[in-house]
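The structure under discussion appears below in the form of structure tokens.
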Amino acid sequence: MSINHDYVGREYPRTTAYQVSREKIAEFARSIGSQNPACLSYEAARGFGYPDVVAPTTFAVIIAQRAEAQYIEDPQARVDFSRVVHADERFSYSRPIFAGDNLVTVLHVERIVERGGLAMVTTRCDIYAQGSDADEHVVTVRSTLAVRGEES
Amino acid sequence: MSEMPQLAGSVPEFDSLELRAVVAQRTYAVERSTLVRYAGASGDFNPIHWSDHIATNVGLDSVIAHGMHTMGAATSVVEDWVTDQRAILDSQTRFARPIPVPHDGETSVDVTATVGLLDADKRQARIDLTVVNEGNKVLAKAQVLVQLR
């Protein structure tokens, strides 16, 4: 069964909050070879005027991929993960992610385009920090997966 | 992005930049343990990044690096250059070729960050990343939009 086009335009309910921790930021920063002291040290982060340690740009992929799983792991969506290749990724920030943020995500299936035996599936995750008054937009993550057709 | 973020004094000044100038470079090594660490840190446990058996079953020659590890490592070169994470407005890439990672030893990746476009009104620059492994460009259209002072 090929990919289900009925999902285009679908918006998922807001996820439960992901709480960002200092240790997870430090672990992620080390794993990509970041040399930014403000990702590792609270004192260095305060020196920049941040509320707490700051996450590298691509840290948001952790939160985005959790949200994307709602769609990709839905059998009705018919995304065959064994045939998936990551095609592109984009992060558009309003402000950095800091330790202590409680981040909620709204997932959208933006587009499915089939060409040359490939289905290109683009999702968008709008990620917000929960606030006492209103939620604040932090980053939007766009991701495109290329799914090979069964005969190719 | 409606207003200019407040930036630390260590952020490079817009007027110091020249089009096509190289602003940062880094070479890093990738070995299997790099991918295991990244899998744990990111939560991406796709077995093509740690099992030769599964990687070859899906038609790859060997285990390959996570595309997002490559994007993260390359973007961090720009992050370390601008010093202040508030200066990173946007980062995007296409994944052009995989990085095969040998079972033993390591493979080397060269990252070069170049000024691709300058916007004097906004004091912003597009930094273009060239990321090369074994003579192949592994990322395409790898661009980071930064706010400068």
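These values consider heavy atoms only, across backbone and side chains, with no hydrogens, waters or symmetry-generated copies. By convention in this document, chain letters (A, B, ...) are assigned in the order of the sequence lines, proteins followed by strands, and residues within each chain are numbered from 1.
- Atoms OG and NZ, on B:Ser42 and A:Lys24 in that order, are 7.5 Å from each other to the nearest 0.5 Å.
- Contacts of A:Ala87 with chain B are made by backbone atoms alone, with heavy-atom separations under 4.5 Å and no side-chain atom involved.
- With a threshold of 4.5 angstrom between heavy atoms, B:Ser91 approaches chain A through its backbone and through its side chain.
- Comparing A:Asp88, A:Val54, A:Ile97 by how many heavy-atom pairs each has under 4.5 Å with chain B, the most go to A:Asp88.
- Atom-to-atom distance recorded for B:Asp80:CG and A:Ser34:OG is 5.0 Å, nearest 0.5 angstrom.
- A heavy-atom distance below 4.5 Å is found between the side chains of B:Asp44 and A:Gln65.
- With a 4.5 angstrom heavy-atom cutoff, B:Asn46 touches chain A only via side-chain atoms.
- Between B:Arg26 and A:Gln35, some side-chain heavy-atom pair lies under the 4.5 Å cut-off.
- Minimum interatomic distance between B:Ile88 and A:Tyr93 (heavy atoms only, all atoms of both residues): O-CB, 3.8 Å.
- For B:Asp61, the CG atom counts as loosely surrounded, since its 6.0 Å shell holds 12 or fewer non-hydrogen atoms of other residues, nucleotides or ligands.
- In terms of hydrophobic clustering, with Ile, Leu, Val, Met, Phe, Trp and Tyr side chains grouped at heavy-atom distances under 4.5 Å, A:Leu145 and B:Val58 are assigned to different clusters.
- Among all heavy-atom pairs drawn from B:Met71 and A:Glu89, the shortest one is CE-O, 3.7 Å.
- With respect to chain A, the highest number of heavy-atom pairs below 4.5 Å among B:Arg86, B:Gln6, B:Arg37 belongs to B:Arg86.
- Side-chain contact between B:Ser10 and A:Phe48 is present, with heavy atoms from C-beta onward closer than 4.5 Å.
- Remark: A:Arg90 CZ to B:Lys141 NZ distance equals 6.5 Å, nearest 0.5 Å.
- When heavy atoms are compared at a cutoff of 4.5 Å, B:Thr70 does not approach chain A at all.
- Other residues, nucleotides and ligands contribute over 12 non-hydrogen atoms within 6.0 Å of the CZ atom of A:Arg10.
- In this structure, the portions of B:Asp84 lying under 4.5 Å from any heavy atom of chain A include both its backbone and its side chain.
- With a 6.0 Å radius and a threshold of 12 heavy atoms from other residues, nucleotides or ligands, B:Arg32 has its CZ atom above the threshold.
- Among B:Thr83, B:Val78, B:Leu139, the residue making the largest number of heavy-atom pairs under 4.5 Å with chain A is B:Thr83.
- Residue-environment remark: CZ (B:Arg97) stays at or below the threshold of 12 foreign heavy atoms within 6.0 Å.
- A chain of hydrophobic side-chain contacts below 4.5 Å, direct or via other Ile, Leu, Val, Met, Phe, Trp or Tyr residues, connects B:Leu129 to B:Phe95.
- Closest approach of B:Ala41 to A:Ile62, counting heavy atoms only: O-CD1, 3.5 Å.
- Of the residues listed (B:His66, B:Arg94, B:Met68), the one engaging A:His86 in a side-chain contact (heavy atoms from CB on, under 4.5 Å) is B:Met68, and it is the only one.
- Linking Ile, Leu, Val, Met, Phe, Trp and Tyr residues whenever their side-chain heavy atoms come within less than 4.5 Å leaves A:Val85 and A:Ile112 in two separate clusters.
- No more than 12 heavy atoms of other residues, nucleotides or ligands sit less than 6.0 Å from atom CZ of A:Arg111.
- Comparing B:Ala8, B:Ala73, B:Pro98 by heavy-atom pairs within less than 4.5 Å of chain A, the highest count is held by B:Ala73.
- With values rounded to the nearest 0.5 angstrom, A:Ile32 atom CD1 is found 6.0 Å from B:Glu79 atom CD.
- Contact check for B:Ser76 versus A:Asn36: no side-chain heavy atoms found under the 4.5 Å cut-off.
- B:Leu19 and B:Val146 fall within the same hydrophobic cluster, defined by Ile, Leu, Val, Met, Phe, Trp and Tyr side-chain heavy atoms under 4.5 Å apart, directly or through other members.
- Without hydrogens or angle criteria, B:His69 side chain to A:Ser31 main chain gives a donor-acceptor distance under 3.5 Å.
- Heavy atoms of B:Tyr28 lying under 4.5 Å from chain A are absent altogether.
- For the 3.5 Å distance criterion, the side chains of B:Gln85 and A:Thr57 qualify, holding a donor opposite an acceptor.
- Neither the backbone nor the side chain of A:Ala146 comes within contact range of chain B; no heavy atoms are under 4.5 Å apart.
- Note: the hydrophobic cluster containing A:Val147 does not contain B:Ile48 (ILVMFWY, side chain heavy atoms under 4.5 Å, direct or indirect links).
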